[in-house]
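We count ligands from 1, going down the list as the structure has it; atoms in each ligand are counted the same way.
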Amino acid sequence: MLKKKERYVVAVVGATGAVGEEMVSILEERNFPVDELVLFASERSEGKKIPFRGDEVVVKTLAEDSFKGVDIALFSAGASRSKQWAPVAAKSGCVVVDNSSAWRMDPEIPLVVPEVNPHDLKWHKGIIANPNCSTIQMVVALKPLHDAAKIKRVVVSTYQAVSGTGKKAMDELLKQTTDLLNFRSIQCSVYPHQIAFNILPHIDVFLENGYTKEEMKMVNETKKIMGDDSIRVTATTVRVPVFRGHAESVNIETEKKITANEARALLAAFPGIIVFDAPDKNVYPLPVDVAGKDEVYVGRIREDESIENGLNMWIVADNLRKGAALNAVQIAEKLIEMA
Ligand code: 25A
Ligand code: L14
């Protein structure tokens, strides 16, 4: 449990990665009560200096005693590192908010989006899991609709940016794009196929059932966060050549009828959502506009005319912020509020 203090010693593990860098800048931006910031990454980044509040913090590598005196640790260095180091951190008394997939479906570990299930923070035992990026932005929009009309089924297709995979993937999209525009041959190392000027129906690894792990994360994490196993979810997750900002086409079927206008009002009143929906003016959310923003943007809200009680919508959010770093910092803020 987090003890109430004026200021906290905060660690970021994976501080030089796409999400870790964002965590550091969000802590500064939001004036998080940081007493001291400690940054960790692999040997590759040891000694690197990262600016924070006009100062510089030197990046260190992890050791058994790294978390001594640390109150809150934000992890984003991949699942294998989290499996190894999150228990070490929790054991030394700090609260871990883990951005990897390592602990999300563990029944002993809460999986939290503060707008949706803050109550689940009450039963943590030292580790709290931050959900998958595509799932976070979707459940924020599903929650007010579920409360009003009970969602029976969700059909989602995603259009995911390369930054979800990390910095190497962003470099690969940039390199392939410039190579192709200069009539040079390209190399594929992060993704199995060309990502520049292309679309890949493949995120994370394939499983026995023919779905990808990313798709099954959306199915299973949605039920856990919403606290309702009866919601049926099916997903197709797709990589697009966009640097930042995940988009989703989401179809829902509800028990009770809600009109598009009622849905718009419910979504607009919910914290963390901006309804951006004026087709007559070509207004709908776009990854390039939503990059750098904190809210989940919802547009193209319309009734599904093929079923009794159905809605279609288009949901866009910054995958590095609400999808990862911001949600993790918001979890830490909630913990402080509850301490
Ligand atoms: O091992 P996994 O599970 O397959 O996951 C590794 C992936 O985790 C990504 C991460 O992106 C990387 O692609 N990731 C981030 N959030 C995730 C999430 N929610 C996630 N994966 C799943 N779910 P990244 O590269 O942007 O950030 C990785 C960060 O983790 C640090 N790190 C790595 N090993 C560590 C560690 N920190 C502590 N202890 C360890 N043992 C990593 O630090 C980074 O901060 P770094 O010093 O290794 O990275 C510095 C730069 O080096 C580049 N790079 C990474 N791998 C290589 C590389 N360069 C050359 N060769 C490589 N093999 C990175 O791009 C980074 O800029
Ligand atoms: O959080 O876009 O489980 O490649 C792992 C891979 C998120 C996205 C997770 C990607 C992800 C991701």
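At a 3.5 angstrom cut-off on N or O pairs, Thr165 counts as close to ligand 2. Residue-to-ligand polar distances keep Asp204 apart from ligand 2: every N/O pair is separated by 3.5 Å or more.
Of all the atoms in ligand 2, the ones that sit under 4.0 Å from a non-hydrogen atom of Lys217 are 3 (O), 5 (C), 9 (C), 11 (C). Close approach of ligand 2 to Cys133 is summarised as follows: ligand atoms under 4.0 Å from at least one heavy atom of the residue are 7 (C), 8 (C).
Side-chain contact between Thr254 and Lys152: absent, with no pair of heavy atoms (C-beta onward) separated by less than 4.5 Å.
Here Asn319 pairs with Ser163 under the side-chain hydrogen bond (donor to acceptor under 3.5 Å, both in side chains) rule; sequence neighbours left out.
Within the 4.0 Å heavy-atom criterion, neither part of His246 lies near ligand 2.
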Q: Go through the steps for Asp71 and Lys3 under the test salt bridge (charged side-chain N to carboxylate O under 4.0 Å, His left out), then give the verdict.
A: CA-CA 8 Å; Asp71 300 303; Lys3 283 193 217 76; over 6 Å; no
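Between Trp314 and Tyr159, a ring centre-to-centre spacing shorter than 6.0 Å is recorded.
Counting heavy atoms of neighbouring residues, nucleotides and ligands inside a 6.0 Å radius, atom NZ of Lys49 does not exceed 12 of them.
The closest approach between any non-hydrogen atom of Arg239 and ligand 2 is below 4.0 Å.
The existence of a salt bridge linking Lys150 and Glu253 is excluded, since no basic side-chain nitrogen approaches an acidic carboxylate oxygen closer than 4.0 Å.
Distances from atom 6 (C) of ligand 2 to the heavy atoms of Ser134, Gly164, Pro131 put Gly164 nearest.
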